[in-house]
Each structure stands twice: as structure tokens, then as C-alpha cells.
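Only this structure's heavy atoms are used, side chains among them; waters, hydrogens and symmetry mates stay out.
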Amino acid sequence: MKRKLPLLFLPLLLLSSCQKTSSSPSPSSLSSSPSESLTSSSSLSGSVSDALHYAQSQPLTLSGDCTLLIEESETPYAHYELGFDESAISVRQDLYSTDGTLVEGKETIYFAKENGKTYSRIINLKNEVEDIPLLSSGESVPFHENFPNPFSILTFSDILHYEDTYLIKPKKISDFTLYALHQSVSPTKVSLTMEDGTFTKMSVETSSSSGLGGVFLSYRYDFTIEYGTEIEIPSLSPFVHEEGHDLLKEKLLELDQKVQERNYTIQMHYETEEGISDFSYYVTDKGELDSSTDSTGQLFGLLRQHDGYHLFSYLDGAIRIDEETVYEEEEIALDLHSFAPELFFVEEDRYLLREDYASELSQLVVPFLYRDYVSAYASAMEIVLDSRQVEKITIDIVDADNLITGTLTMSFSDFGTTSWPITI
């Protein structure tokens, strides 16, 4: 059965989110707890105040899992490592695949410079070390206002004692969770465990929302809190040029020159545990057309008009064009030569992309209709050469939101001879 890759256009988030929806703070589940079991902050022991002060004054790390709760079942979703230091935070998210193994994610460190703004240090696609300013709506993001130690926003009176746990009051759980996770979730309960005078564990429970197939789901985050590990700003060096990189650069440039003529076909082979899909992606002077159809038999593509390219759908000779949204050619075209070949490990005629770059590079080499989806979930990439040209580009996809893991393979052909199988 032919399976179409989901056509999603995802918003850019600061970090990948375990729960994608954003909402206003919701009522705490504490309202259902017996009021006589709650102890006011004024009667808490001094050790709680000491534990809070210690958590506020020390570098700390939150390490643990996010679990997806669907009806009576629990499914591991992601493992997180979140570190907080005075002028730096580190974030890492590893996703659980459908077989229960972890797919390692990239660690990102955000840090403050002397100007108080937030940066991350990377080796960019041109193999250059670069400090990238973090922007929001085009403006630089102040570090200390946006990346504080989450415990720093709490006061002694924000904590309630309930049985053997300590609960953060409803008025603070939304802000606390945002600073702790840097994700938009709808927390209903945040609980802390204290051992030997320090907070050692933290749990966040979220409200239910309608998910796959209308099934109600929610999330639970369970963290261990560790103290004292300072975050070091990475010291990076460009990747070393190896024998074989020049050949990759040459062949990618040749392929890029061909695709810029905008007449070619990409054979798409998508393989998951559920089955295999084979379809074609046509690029001509008319625009771009995907041969894969949805459940109603519709085709989708981009149609070139006088003002640029417009998305359209096609069914039984009838075409429906999105007249509101227009794209320039440079927005939809592939870019197969602007990145450095040193981003790849060389293994004879196979080139394996360093894991940190799969998402970013997918934005350049994947055709427009699939670009955002593949980029959102790409975990690895490989380019295979033969003696004449780039034979294929393969991208591993881990879509934990829809519980799909698969491999997309793209092969280029029919340069200068491609035509659409439909008449418009």
C-alpha cells in the first residue's frame, strides 16, 4: 500500500517539545486533594527553606524521562538532560524509537556573553566555528531573563507539604515548568522529593489532550536532580579535510548545476515497519508535482504563476490553487553545494553525515513538499556516489510523535526530459 509522508509545516521552537500544544496555565490537580493533608508554608521545617536556597545557588542538572500516557498504558517518549549554571544552560533530548531504544539527540549549550545576550557555539554548514545569537521576533534574547535556574523563581511560600512530597503551588507551576523544560506544556502538578536536606527528584504531570485517533493522552516527566556540575562553553575546531571530500564536493556541485535547470525527477523510496512507498517527485518549468496521493486520490504540488509558486491540489482533472501564499524560486529550490564536504565521514563511496546536521541539511537537499517534515524528524543522512554522479541520498527518520521510524531514499534522474504525468 502506498504511504504518503505527512505533509507538515512545523513552527520553529526553541527546543523540540515532548508535548507540542501550547496553552495557558491550567488548574492544578491539587484541588482534588484533601485540604487537611496540605501543610502551609509557614509550618514547613527549616530544612525545606535550606533545600530551596541550595537549589537556587548551585549549578544543577535535571536528568530523566518523559512518558506518554495513553488511557491505561505508558510509553517512554524521550530522555532529557537539562543543565543550569549561572550563565549557561545545556539541553539534550534523546528520543525513544518504537522498539524502545534511544536515538541520541544533539546537546545544545546556550550561554551569556558580556552583553548579556544569549548565544550558542556551533560549527556551521561551511565548517566554520561561529557563535550564533539566539533571536526572538528578530530581537536578541537576554540570557538571565529567559534562562534562569527554575528554582530561582520560587520562594518559600510557593511550596506546600503533602504526605512525603513537596508540591509547587498552582500559581507558580506554569512558569516553573517553562523555565525547567523550556517547552510549552500544560502542567497540572509539580512535585519534589527531598532527601538528606536537598531536593533530589522532580515530577511534572500534564493535562490530557486529544491526540492520535481522538485518544486522550498526557505526559509525565520524572527527573533526578544533581548538583555541582558546571557547564563549560564548548571549545570547537573545524572538521578535518580528508581524502575523498574533494570528490564529494565535485559530484555535489555537478548535481546542483543540473537541478538548477529545474527539469529533473526524484525517485522517492520510503520504507517503514508498516510498508514501502515508491513515488516520484517531478520538477519542471511548470513547478513541482508529487506523484503520491492522499486517501481521496488527490495529487499535490507547486504551480508556477506570474507572481511565483503556489501550492495546489489536483483530482480528476480539477485543480485547486492556494492563491494566498506565494513562494519565490529560491525558497523552494534545492541547494546541494553550499555546505562543506567535511561535515561527512568518508567510507569509500559512502559519506555519512555527522549526526548534528541531519535536520539542518535536510532543509537544503529534500524537495519542498517534504522538506519541513523530514527536517523535523531526520536523525541521520548518507550520500552514496558512483563513478559518474550522486547515486542516492538516504535519510533516517524518527517520528516519535506518530510512532514512525523509517528511511527515505532519494535518487535523481531524467535531467532535461522530465514532464508531468498530468495536464494542467
Option among Tyr377, Phe279, Phe300, Tyr270 that satisfies the ring-ring contact (aromatic ring centres under 6.0 Å, His included) test with Tyr370: Phe279
Short side-chain donor-acceptor distance under 3.5 Å, [Y] and [X]:
X      : Y      : value
Ser157 : Thr155 : yes
Thr67  : Asp65  : no
Glu205 : Thr188 : no

Side chain to side chain contact (heavy atoms under 4.5 Å, CB included) partner of [X], the single match among [options]:
X      : options                : value
Leu361 : Leu353, Asp335, Val366 : Leu353
Ser338 : Leu125, Leu364, Leu252 : Leu364
Tyr282 : Thr265, Ile266, Asp290 : Thr265

So, do [X] and [Y] have ring centers that fall under 6.0 Å from each other?
X      : Y      : value
Phe143 : Phe111 : no
Tyr357 : Phe344 : no
Tyr54  : Tyr227 : yes
His53  : Phe156 : no

If the plane angle is over 60° it's perpendicular, under 30° parallel, otherwise tilted; pick one for Tyr221 and Tyr80.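 The arrangement is tilted - the two ring planes meet at 30° to 60°.
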Angle class for the Tyr77/Tyr219 ring planes (parallel below 30°, perpendicular above 60°, tilted otherwise)?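 Judged by the thresholds at 30° and 60°, the geometry between Tyr77 and Tyr219 is perpendicular.
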Row check, Phe239 ring normal vs Arg354 NZ/CZ: under 6.0 Å, within 45°: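 Yes, Arg354 lies over the aromatic ring of Phe239.
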Taking atom [atom1] as the centre, does [X] end up with more than 12 heavy-atom neighbours from other residues, nucleotides or ligands that are less than 6.0 angstrom away?
X      : atom1 : result
Asp386 : CG    : yes
Glu195 : CD    : yes
Glu330 : CD    : yes
Lys201 : NZ    : no

By the definition side chain to side chain donor-acceptor pair (under 3.5 Å), identify the one residue from Thr272, Thr394, Asp396 that meets it with Thr407. Asp396
Using a 3.5 Å distance criterion without hydrogens, assess whether the side chain of [X] forms a donor-acceptor pair with backbone atoms of [Y].
X      : Y      : result
Thr325 : Asp322 : no
Lys392 : Ile383 : no
His245 : Leu247 : no
His79  : Gly64  : yes
Asp196 : Thr198 : no
Thr118 : Val141 : yes

Decide, yes or no, whether a salt bridge links [X] with [Y] under the criterion of side-chain N to carboxylate O below 4.0 Å.
X      : Y      : answer
Lys106 : Glu355 : no
Asp131 : Arg121 : yes
Arg220 : Glu74  : yes

Minimum-distance pair of heavy atoms, taken over all atoms of Arg92 and Gly105: NE-O, 3.4 Å
On a heavy-atom basis, which atom in Ser413 and which in Thr418 lie closest, and how many Å separate them? O-OG1, 4.2 Å
Using the rule given for side chain to side chain donor-acceptor pair (under 3.5 Å), can you reason through Gln298 versus Tyr314, listing the C-alpha separation, both sets of side-chain angles and the distance that settles it, and then say yes or no? CA-CA 5 Å; Gln298 288 189 101; Tyr314 176 89; over 6 Å; no
